[in-house]
S.K.: 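Handing you a structure now.
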2 protein chains.
Amino acid sequence: MALDEIDKKILRLLQEDAHYTLKDIANKINLSLTPVHDRVKRLEKDGIIEKYVTILDKKKLGNNLTVYCQVTLTKQTYDTSEGFNQSILNMPEVVECNYVSGNFDYMLKIIIPDMESYHHFHQKKLSVLPEVSLINTVFVISEVKSTTVLPI
Amino acid sequence: MALDEIDKKILRLLQEDAHYTLKDIANKINLSLTPVHDRVKRLEKDGIIEKYVTILDKKKLGNNLTVYCQVTLTKQTYDTSEGFNQSILNMPEVVECNYVSGNFDYMLKIIIPDMESYHHFHQKKLSVLPEVSLINTVFVISEVKSTTVLPI
DNA sequence: TACTTTTACAGAAAAATATTCTGTTTTTAA
DNA sequence: TTAAAAACAGAATATTTTTCTGTAAAAGTA
């Protein structure tokens, strides 16, 4: 379970590009295929490596608007939270949802085609949820950084 | 450049798992290897597919705290923004940074081991930037959803 | 210490996958 | 109606992953 320096090097490489071959990695860290293969399998089995995914260009898919929604619920009870959570899990435009501290209850990140779609989402999907009391929208004007790479 | 239904099916699958083989995909959408291969290569070339990455378990890597920082700059000039942006790009604990509308200028997402690390980050790395005037921290209490999958 | 066990690694063989090639069918456009 | 282009299938080839065999180093035990 404890990661040594070799594990960390492998993880750093795989975070950057899941399509590096074992040979690529082996070359970069001066090892043979076997230990690289064994270590990757172990990291998968231990759940350090969660999954391999493909990142698509959101703008090229027509998603030109990103917004943060700061949501306040009507009540702070468990049932209210759970009901809200379940609804959110079924909304594909909500890519992040976190229960937070502060002046509101949830911070959501929404990726959506345009303002019209957002208007529709806001009015017909989010604000109509029985658990939702207040929504404060923060519009993204320009994306500076967005990465899946964690510091290791 | 226009995506047909087959392209979309391929993208939906690859978003979920970048390690699906061409054969897996071909079977799932009832095609032979050739068109699947050709289409994936085209989607890569056109930049619809941006990259393949590995998602790691942040908690197993010791990152137990996620926070949003709402940052206000001292001035709203181009130079101030650019200076801030460049500093952020060199901070590995900042996984998202967006210039936004509203009562503050930037929304940041920080992934970090614990409160002590955050204290250090806040005091020694973020608040000391000459462009930063105000920081409002929103702590994540519980993660409800976090996905790289875009609606297609 | 000597011995056993475990772990980490290398190299080679086998299996699976990606890539390339050839050719056919379908669609599109002249 | 014909020519050109696009989409696809199947087979051959190249590459990669996976498995197998064995060696060396490290860790644990009597």
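To find a chain, count down the sequence lines: A is the first, B the second, and so on, and within it residues start at 1. Any value given below was found using the heavy atoms of this structure, including those in side chains, with hydrogens, waters and symmetry copies removed.
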S.K.: If every non-hydrogen atom of Ser127(A) is compared with every non-hydrogen atom of Val132(A), which pair is closest and at what distance?
M.R.: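 Scanning both residues completely, I find the closest heavy atoms to be CA-CG1, 4.4 Å.
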S.K.: If you take all heavy atoms of Leu150(A) and Leu56(B), which pair is closest and at what distance?
M.R.: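 Minimum heavy-atom separation between Leu150(A) and Leu56(B): CD1-O, 4.0 Å.
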S.K.: To the nearest 10 degrees, how far apart in direction are the end axes of the helix from dT1(C)-dA30(D) to dA30(C)-dT1(D), each fit to five base pairs?
M.R.: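 Inter-axis angle at the ends, rounded: 30°.
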S.K.: Rounding to an integer number of Å, can you tell me how far Lys23(B) NZ sits from dA16(C) P?
M.R.: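 My rounded result for the distance is 8 Å.
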S.K.: Please give, in whole Å, the distance from dT26(C) P to Asp4(B) CG?
M.R.: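 From Asp4(B) CG to dT26(C) P: 18 Å.
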S.K.: Rounding to a whole Å, what distance do you find between Ile6(B):CD1 and dT27(C):P?
M.R.: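 Those two atoms, CD1 and P, are 12 Å apart.
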S.K.: Quick one: does Leu13(B)'s side chain get under 4.5 Å of Ile29(B)'s, heavy atoms only?
M.R.: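 In contact.
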S.K.: Find the distance Leu22(B):CG to dT16(D):P and express it as a whole number of Å.
M.R.: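 One finds 14 Å between P of dT16(D) and CG of Leu22(B), rounded.
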S.K.: Starting at CG of Asp17(B) and ending at P of dT17(C), how long is that distance when rounded to a whole Å?
M.R.: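 It is 13 Å, rounded to the nearest whole Å.
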S.K.: Rounded to whole Å, please give me the gap between OH in Tyr20(A) and P in dT17(D).
M.R.: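 These atoms are roughly 14 Å apart.
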S.K.: What pairs of donor and acceptor atoms, side-chain ones from residues 100-112 of chain A against any protein atom, are under 3.5 angstrom apart with sequence neighbours left out?
M.R.:
from, atom 1, to, atom 2, distance (Å)
Ser101(A), OG, Phe139(B), N, 3.1
Asp105(A), OD1, Gln76(A), NE2, 3.1
Asp105(A), OD2, Leu73(A), N, 2.8
Asp105(A), OD2, Gln76(A), NE2, 2.7
Tyr106(A), OH, Ser81(A), OG, 3.3
Tyr106(A), OH, Asn85(A), OD1, 2.8
Lys109(A), NZ, Glu96(B), OE1, 3.1

S.K.: How about Gln15(A) and Ile152(A): do any of their side-chain heavy atoms sit closer than 4.5 Å?
M.R.: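 Result yes, sub-4.5 Å side-chain heavy-atom pair found.
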S.K.: Given side chains that start at C-beta, do those of Val149(A) and Val53(B) come closer than 4.5 Å, heavy atoms only?
M.R.: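 Answer no - side chains too far apart.
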S.K.: Would you jot down, in residue-number order, the residues of residues 25-41 of chain A having a non-hydrogen atom under 4.0 Å from DNA chain D?
M.R.: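 Contacts with DNA chain D under 4.0 Å: Leu33(A), His37(A), Lys41(A).
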S.K.: Ion pair present between Glu143(B) and Lys59(B), side-chain N to carboxylate O less than 4.0 angstrom?
M.R.: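 Not counted as a salt bridge, because no side-chain N and carboxylate O are separated by less than 4.0 Å.
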S.K.: Whole angstroms only, please: what is the CG-C1' distance between Asp7(B) and dA6(D)?
M.R.: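 About 13 Å, once rounded to whole Å.
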S.K.: Do the side chains of Lys58(A) and Glu50(B) get close enough for a salt bridge, i.e. N-O under 4.0 angstrom?
M.R.: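 So Lys58(A) does not pair with Glu50(B) through a salt bridge.
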